Visitor: 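Structure incoming, see below.
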2 protein chains.
Amino acid sequence: MSVTIKDIAKLANVSHTTVSRALNDSPLINPETKEKIRLLAAQLQYTPNYNAKSLVLDRSYNLGLFFSTLHTGTSAVFLYEAIKGVNDVIQDRYNLIVRGIDDYTSFHKVNRKSYDGIIVMSQSEADQPFIEYAAEREIPLIVLNRQIENVQVMNMVPDDKRGAYLVVEYLISQGHRQIAIIEGKENFKSTQARREGYREAMEFYQVPLCVDYSQPGNYDLESGYAAMTRLLQLNPRPTAVFCCNDDMALGAIKAITEKQLIVPQDISIVGFDDHIYSGFMTPALTTVRRPMEQISREGAAKLLSFIETKKVEKETIFFHTELVIRDSVTNISGGL
Amino acid sequence: MSVTIKDIAKLANVSHTTVSRALNDSPLINPETKEKIRLLAAQLQYTPNYNAKSLVLDRSYNLGLFFSTLHTGTSAVFLYEAIKGVNDVIQDRYNLIVRGIDDYTSFHKVNRKSYDGIIVMSQSEADQPFIEYAAEREIPLIVLNRQIENVQVMNMVPDDKRGAYLVVEYLISQGHRQIAIIEGKENFKSTQARREGYREAMEFYQVPLCVDYSQPGNYDLESGYAAMTRLLQLNPRPTAVFCCNDDMALGAIKAITEKQLIVPQDISIVGFDDHIYSGFMTPALTTVRRPMEQISREGAAKLLSFIETKKVEKETIFFHTELVIRDSVTNISGGL
DNA sequence: CATAATGATGCACACGTTAACAACGAACTT
DNA sequence: AAGTTCGTTGTTAACGTGTGCATCATTATG
């Protein structure tokens, strides 16, 4: 069996309380005793039982990182950047538990005792019950990526709508008028925000909308390919396509290339997210930078401060999205 | 405060023992009492304190998924496929704790009490101390992806060497003789295995090796770009390049395209891994399929069976890698 | 009818840790 | 010299749950 503070206590001829205090660096203990006990603990390779600690201290040392789903709609890069950002902040002070919300049959195991804090990387309104559940139980909580309306909660989100506006505005500035959109996964909040940005830009510059130019997608590569294939059959076909994320843009480019057409000469493509891969595509993708790693890093830092200070703030913070111009758009305004 | 079995006991006029047994579906309890208690528990929204359970049952309900690092050398897709594979198997029976081994300052927190089992997604020999630490403490353990020699442990790995052999053999069959290699991260086992596969194929078909055609890389996009840039300055430059993973292949293609050259007409490129992105690149990448999601799924299943049956097997299982032919290689054998 | 077997429940302790309070000797105060 | 303070250590209970054993009522057995 493993060694406990009582074992150490026996060998040191002190009570287990003294051992506990020595190992927790309590000022009550004589420095010499402290040193003796620590040496002993090291020799015996003592490791504390965190379950016992947790029980009495009412802290779990666990942080939850929850995604809407780990199955479809969560891109590899999104997951990667989120985990990396959070992990950079917490280092080895907490355990990071990763899970898809839709894997839960019941939220049974989600409570204050099991999680010191929770980060929800939210994409869909389907997360709402989960968020409310956690909020009701007063678990320190941060919701990232998706803007929340009803619940009072700390919320950090990229300005998707503005980003979409910017990139569509850019297409218009390059002379495009037949601008299609390949949309994200239905009932994802980001889908809606990006669609709104697209429409507002079109309206502001008085570019007519065409229903056929609006194609559904679900954020993955295949759906971008399929949607673009449909767009290519239209007459007249669009001169530019706004893909609601970079994965779908990649799928769209493939569909175009297979038809012996060239991006951007024949059709211009823009994406959204600015993946680590986006700058390396052929052609390099013009897109919108959404600082997910930064958001998750700052979200994690905020969460830790909530836990440590026991004060929670509740506000919505927007992170700027910015246009990244590369090589996937051509100017067709004819000289201007 | 949260409700405990003692609270339920009071309300039901029974002892907490009875409540405990009722909720654990013990056959000792009268069905009616059982039903009454369960109803009460549901009404009070009782959730067990898993720390207390863990303490007395000596189970943590935690599974660790450890990567060599989360910083550099672990591609987004690799992380994604591993998490997805494992998560699919464990569902909500366990908590999945994700961490980079190099984040640990000490392995203090890694022990039987904290982890019911551990999956190491190993890439580097630097993981060796960690693996041995876990093995010594008799934590149910599975090591995936990298072949382990010294320690007796359950080991599941893709056949990297054979995969590399196959893809280089394919290049040779297409008439290539000036075949370069962009290598993976130094001291990653996979780097070594893929290099060996390359060399064996070259030797078997008696294609001369050229030292300049061997360029270092570290598995990320930028290093592929940089290595390819160096290769392009050589005279004669290679007609084909084996990039040790798909990310570097993408970087290499960018370097080539920027020099106004075309893949595969001017230079053929092959990769390794078969990312979800690889088929969607321009051109679609010829590569080697390494079934990471399958490996992590089967690894997780094996680990669960170890935990449940308390029997551990120790063997090395190889998973077949296979050639995936797409459009990034041209035949230069001149008609044959 | 006395006794044994059975079914259902409670008592008391254990898991490993922390913390409030008590205890005790030594040093300091007046 | 008696009382007070301080520094150090020990005693004991607590956190919430599970389990071996004892207990008690009820039913079956002879």
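Note: hydrogens, waters and symmetry copies are ignored here, and every other heavy atom, side chains too, is used. These figures come from a predicted structure and were not determined experimentally. Note on naming: letters A, B, ... go to the chains in the order of the sequence lines (proteins, then strands), and numbering restarts at 1 for each one.
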Visitor: To the nearest Å, how far apart are A:Asn30 CG and C:dC24 C1'?
Guide: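 It works out to 15 Å between those atoms.
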Visitor: Of all the heavy-atom pairs spanning A:Gln123 and A:Phe78, show the shortest one and how long it is.
Guide: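 Looks like OE1-CE2, 3.7 Å.
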Visitor: With a cut-off of less than 4.0 Å, is there a side-chain N or O of B:Thr18 near OP1 or OP2 of C:dG10?
Guide: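 For C:dG10, OP1/OP2 do have a side-chain N/O of B:Thr18 under 4.0 Å.
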Visitor: Considering non-hydrogen atoms only, spot the tightest contact between B:Val157 and B:Asn145 and give its length.
Guide: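 So the minimum-distance heavy-atom pair works out to CG1-C, 3.5 Å.
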Visitor: Sub-3.5 Å donor-acceptor pair from the side chain of A:Ser124 to the main-chain atoms of A:Ser68, do we have one?
Guide: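 Here the side-chain-to-backbone pair does not exist.
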Visitor: NA contact type, A:Asn13, heavy-atom cut-off 4.0 Å: base, sugar-phosphate, or nothing?
Guide: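 Counting heavy atoms under 4.0 Å across all strands, the contact made by A:Asn13 is with sugar-phosphate only.
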Visitor: When the side chains of residues 38-46 of chain A are checked against the rest of the protein, which donor-acceptor pairs come out under 3.5 Å, sequence neighbours left out?
Guide:
residue : atom : partner  : partner atom : Å
A:Arg38 : NH2  : A:Asp25  : OD1          : 3.3
A:Gln45 : OE1  : B:Arg137 : NH2          : 2.7

Visitor: Measure across B:Tyr104 and B:Phe130 and return the closest heavy-atom pair with its distance rounded to 0.1 Å.
Guide: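 Taking every non-hydrogen atom into account, CE1-CE1, 4.3 Å.
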Visitor: Extract all donor-acceptor atom pairs below 3.5 Å that involve side chains of residues 2-11 of chain A and protein atoms in other chains or at least two apart in sequence.
Guide:
residue : atom : partner : partner atom : Å
A:Thr4  : OG1  : A:Lys6  : N            : 3.2
A:Asp7  : OD2  : A:Thr4  : N            : 2.9

Visitor: Excluding sequence neighbours, so at least two apart, what forms side chain to side chain donor-acceptor pair (under 3.5 Å) with A:Ser75?
Guide: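 Once residues adjacent in sequence are excluded, A:Ser75 has no partner under the side chain to side chain donor-acceptor pair (under 3.5 Å) criterion.
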Visitor: Report, as a single string ordered 5' to 3', how protein heavy atoms within less than 4.0 Å touch nucleotides 16-22 of chain C: B base, S sugar-phosphate only, - not at all.
Guide: BBBBB--
Visitor: Closest heavy-atom contact between B:Ser60 and B:Ser54?
Guide: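 Nearest pair, atom of B:Ser60 first, then B:Ser54: CA-OG, 3.8 Å.
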Visitor: Please classify the nucleic acid contact of A:Thr33 as base, sugar-phosphate, or nothing, using heavy-atom distances under 4.0 Å.
Guide: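 Sugar-phosphate: the residue A:Thr33, judged by heavy atoms under 4.0 Å, touches backbone atoms but no base.
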Visitor: Estimate the overall bend of the helix from C:dC1-D:dG30 to C:dT30-D:dA1 from the end axes over five pairs each, rounded to 10 degrees.
Guide: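 The two end axes of the helix from C:dC1-D:dG30 to C:dT30-D:dA1 meet at 60°.
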Visitor: Would you say the side-chain atoms of B:Lys109 pair up with the backbone N or O of A:Asp92, donor to acceptor, closer than 3.5 Å?
Guide: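 The answer is yes, because a donor-acceptor pair under 3.5 Å joins these two groups.
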Visitor: Which nucleotide span of DNA chain D, 5' end to 3' end, has atoms closer than 4.0 Å to non-hydrogen atoms of chain B?
Guide: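 So the contact region on DNA chain D extends D:dG16 to D:dG20.
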Visitor: Show the nearest heavy-atom pair for residues A:Glu81 and A:Met292, with the distance to one decimal.
Guide: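 Heavy atoms of A:Glu81 and A:Met292 come nearest at OE1-CB, 3.5 Å.
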